[in-house]
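The structure appears below as structure tokens.
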Amino acid sequence: MGFIDEDYLLGTAAARDLYDAVADLPVVDPHNHIDLAEVVENEPWSDIWEVEGATDHYVWQLMRKRGVPERKITGDASNREKWDALAEVAPDFAGNPTYEWLHLDLKRRFGIDEPLNAETADDIWAETKAQLAEADKRPQAVLREMSVEVLCSSDDPTSRLAYHERAETEVEGVDVRPTWRPDRALKVENDEWSTFVAELDAVTESDVSDLSGFCDALAETHDYFVDHGCVACDIGMGTEPVSKPVSHERASEVYAAARRGDDIAADAVRDFKAYLLDYIGELNAAADWTTQLHIGAVRDYRESLYEDVGPNAGGDVSTQDVDLVAGLDHFLDRFDGEMEIVLYTLDPTHYPSATVVARAYPNVSIGPAWWFNDSPLGIENQLERVAAVDLLANYAGMVSDSRKLVSYGSRFEMFRRTLADVVGEMVERGQIPYDNAERLVRHVAYDRPKELYGL
């Protein structure tokens, strides 16, 4: 088997046939971090670092691990210096999925088969720079080349979705949807929460001086997103998912204290989040949205990196210390059968709990292997767990979760190849007849996300 050849990740004849059946299906991406302005403006990228490294904290983390100074990662070095620094250490990325995504990007988008290293850096820089000057390498053309049919961005409730409005007429062939992400509304313990409330006040007609007005203002933004084609809400629940019944009076007390700038005790923070989570669930159920819950991220764990570079720079980690079952109990019962719920768990030790919870609730689905787990190993382990405990037919499907547009195709290819390999192995072991296996991989790769998100 050659490097990223036609048998890449495919270990059986059945797997190769199954992958052929899904390889060319369109991409439906219900969760990503796309820079929609980049897509709508459709200006050409300047060079391969802008494409591959400028926004990708996966790349940044591995460069730091190999001793590259921050100046040549997120600092003031030129893009060419940063590219050379990446090329120098890229061979050391072998075994990490970032190495494979990088080379899938080069191979699929630019037709470059040579592995990136110090010796090939110049030629790859020159070849990609020439190609990036062509019209067929602008963002919208690349999305079409990757057969992206639907992409759902992640958007703050206060966003006026100006680029989504432009995308309706200026982006051909791609269905672009916003996703309502109310994380800042929930984080009453953060200093930034007051900034969010002020921004919410500015874009709505509700009086946010009390909790009722705050909730009315959130509902206004929710309706605004409905009008712009939104089909999902995305909630980052951190390491302490809390769902329980909390009275409006109790939540109002916490809201008033937060507005005054008082220190909020931990139990009060939990009560406010639980109350607001229920309210958000009611809005989502009424709008027939899918609710995505991202559980287990410890944000900004590496303090010095956060102070020097900021958030989303590669300093986040996961933890096993999450009581997923107790934390979600009330919310799942409250909305049992009322709306679709997708669970993303960051630490793979939570897969056993997540899958048995999903098995108990027909409206709860397991989201794709997320973040640190979206490698062939992580995807394979999760798919096998879901198939054995829940139902693979009810799996939520793949999302790119990417800030790098050219990698959408690569991430979906890695997923589809791994899916084909997992199901192909079941065929080879006599667990599934081939015809049923082909129907299943087509369903998971394409039909299921469209069904789940109402697309």
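No hydrogens, no waters, no symmetry mates; every other heavy atom, side chains included, goes into these values. Numbering starts at 1 and runs along the sequence shown. If you're wondering where the values come from, they're calculated on a predicted model, not measured in any experiment.
When only modelled atom types and interatomic distance are considered, Ser407 and Asp105 share a side-chain donor-acceptor pair under 3.5 Å. For Ser410 and His103, the side-chain atoms include no donor-acceptor pair closer than 3.5 Å. Inspection of the Gln292 and Tyr453 side chains reveals an N or O donor paired with an N or O acceptor under 3.5 Å. For the 3.5 Å distance criterion, the side chains of Asn312 and His57 fail to qualify, holding no donor opposite an acceptor. For the 3.5 Å distance criterion, the side chains of Ser159 and His164 fail to qualify, holding no donor opposite an acceptor. Residues Glu199 and Thr195 bring no donor and acceptor atom of their side chains to less than 3.5 Å of each other. No donor-acceptor contact under 3.5 angstrom links the side chains of Asn96 and Tyr58, judged on distance only. A donor and an acceptor atom, one from each side chain of Glu81 and Ser78, are located under 3.5 Å apart. Side chain to side chain, Glu340 and Thr291 fail the donor-acceptor criterion of an N or O pair below 3.5 Å.
Checked by atom type and distance alone, the side chain of Arg144 never pairs as donor or acceptor with a backbone atom of Pro139 at under 3.5 Å. No side-chain donor-acceptor contact under 3.5 Å links Asn190 to the backbone of Glu192. Between the side chain of Arg448 and the main chain of Gly397, no donor-acceptor pair closer than 3.5 Å is present. Between the side chain of Lys82 and the backbone N or O of Gly75, at least one donor-acceptor pair lies under 3.5 Å. Side-chain atoms of Tyr279 come within 3.5 Å of backbone N or O of Cys215 as a donor-acceptor pair. Between the side chain of Thr239 and the backbone N or O of Val322 there is no donor-acceptor pair closer than 3.5 Å. Formation of a donor-acceptor pair under 3.5 Å by the Ser400 side chain with backbone atoms of Ser402 is found in this model. With hydrogens and angles ignored, the 3.5 Å screen pairs a side-chain donor or acceptor of Asn363 with a backbone N or O of Met339. A side-chain donor-acceptor contact under 3.5 Å links Asp210 to the backbone of Gly213. For the pair Asn79 (side chain) and Trp49 (backbone), a donor-acceptor distance under 3.5 Å is absent.
Cation-pi geometry between Arg411 and Trp101 is satisfied (NZ or CZ under 6.0 Å from the ring centre, within 45° of the ring normal). A cation-pi geometry, defined here as NZ or CZ lying under 6.0 Å from the six-membered ring centre and within 45° of its normal, does not hold between Arg417 and Tyr8.
The closest side-chain heavy-atom distance from Ile379 to Pro368 is not below 4.5 Å. Taking 4.5 Å as the limit, some side-chain heavy atom of Ile4 sits within range of a side-chain heavy atom of Arg108. Residues Trp180 and Leu218 are in side-chain contact: their nearest non-hydrogen atoms beyond the backbone lie under 4.5 Å apart. Taking 4.5 Å as the limit, some side-chain heavy atom of Leu332 sits within range of a side-chain heavy atom of Ile341. Side-chain contact between Leu9 and Met414 is present, with at least one heavy-atom pair separated by less than 4.5 Å. A 4.5 Å side-chain heavy-atom check between His294 and Trp371 finds every atom pair outside the cut-off. Side-chain contact between Gln140 and Val174 is absent, with no heavy atoms from C-beta onward closer than 4.5 Å. A 4.5 Å side-chain heavy-atom check between Val364 and Phe335 finds every atom pair outside the cut-off.
Put simply, CG on Leu62 and OG1 on Thr98 are 4.5 Å apart, with the number rounded to the nearest 0.5 Å. Atoms CZ and SG, on Arg181 and Cys230 in that order, are 12.5 Å from each other to the nearest 0.5 Å. A distance of 13.0 Å separates OG in Ser243 from CZ in Arg270, rounded to the nearest 0.5 Å. The CZ atom of Arg177 sits 13.0 Å away from atom CG of Leu161, with the distance rounded to the nearest 0.5 Å.
Salt bridge annotation for Arg184-Asp156: present, with a cationic side-chain nitrogen under 4.0 angstrom from a carboxylate oxygen. Glu145 and Arg109 are joined by a salt bridge, as a carboxylate oxygen and a charged side-chain nitrogen come within less than 4.0 angstrom of each other. Electrostatic pairing of Asp447 and Arg442 does not count as a salt bridge here, judged by no charged N lying under 4.0 Å from a carboxylate O.
Within a 6.0 Å radius of CZ in Arg160, other residues, nucleotides and ligands contribute more than 12 heavy atoms. For Arg359, the CZ atom is loosely surrounded, since the number of other residues' heavy atoms within 6.0 Å does not exceed 12. Around CG of Asp227, the count of heavy atoms belonging to other residues, nucleotides or ligands within 6.0 Å exceeds 12. Heavy-atom contacts from other residues, nucleotides or ligands closer than 6.0 Å to CG of Asp267 number more than 12. Counting heavy-atom neighbours within 6.0 Å of Glu303 CD, excluding the residue itself, gives a total of 12 or less. Counting non-hydrogen atoms of other residues, nucleotides and ligands closer than 6.0 Å to CG of Asp288 gives a total of 12 or fewer. Applying the 6.0 Å contact sphere to CG of Asp263 captures no more than 12 heavy atoms from other residues, nucleotides or ligands. Residue-environment remark: CD (Gln320) stays at or below the threshold of 12 foreign heavy atoms within 6.0 Å.
Here the closest heavy-atom approach between residue Thr290 and residue Leu452 is recorded as OG1-O, 2.9 Å. Minimum heavy-atom separation, Leu305 to Gly314: CD2-C, 3.7 Å. Taking each heavy atom of Ala185 and Leu276 in turn, the nearest pair found is O-CD2, 3.4 Å. Residues Leu200 and Thr204 come closest through the heavy atom pair O-OG1, 2.8 Å. The shortest non-hydrogen separation linking His350 to Thr319 is CE1-O, 3.2 Å. Phe372 and Asp316 make their closest contact through CZ-O, 3.4 Å (heavy atoms, listed as atom of the first residue, atom of the second, distance).
Between Phe214 and Trp193, the two ring planes are tilted [angle within 30° to 60°]. Relative ring orientation between His31 and His33 is described as perpendicular, the plane-to-plane angle rising above 60° on a 0-90° scale split at 30° and 60°. Between Trp370 and Tyr344, the two ring planes are perpendicular [angle over 60°; tilted spans 30° to 60°].
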Go through Asp92 and Tyr99 one step at a time and tell me if the side-chain hydrogen bond (donor to acceptor under 3.5 Å, both in side chains) criterion holds.
CA-CA 9 Å; Asp92 299 333; Tyr99 183 78; over 6 Å; no
Worked check of side-chain contact (heavy atoms from CB on, under 4.5 Å) between Arg66 and Phe93
CA-CA 9 Å; Arg66 297 307 300 153; Phe93 293 2; 4.3 Å; yes
For Arg403 and Asp35: C-alpha separation, side-chain torsions, deciding distance, then whether salt bridge (charged side-chain N to carboxylate O under 4.0 Å, His left out) applies.
CA-CA 7 Å; Arg403 289 173 169 80; Asp35 180 357; over 6 Å; no
From CA spacing to verdict: ring-ring contact (aromatic ring centres under 6.0 Å, His included), Trp289, His222
CA-CA 10 Å; Trp289 283 3; His222 201 276; 3.8 Å; yes
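If you run side chain to side chain contact (heavy atoms under 4.5 Å, CB included) between Pro241 and each of Leu343, Asp323, Ile295, only Ile295 comes through. The only option from Val342, Thr179, Asp155 that meets the side chain to side chain contact (heavy atoms under 4.5 Å, CB included) definition with Asp234 turns out to be Thr179.
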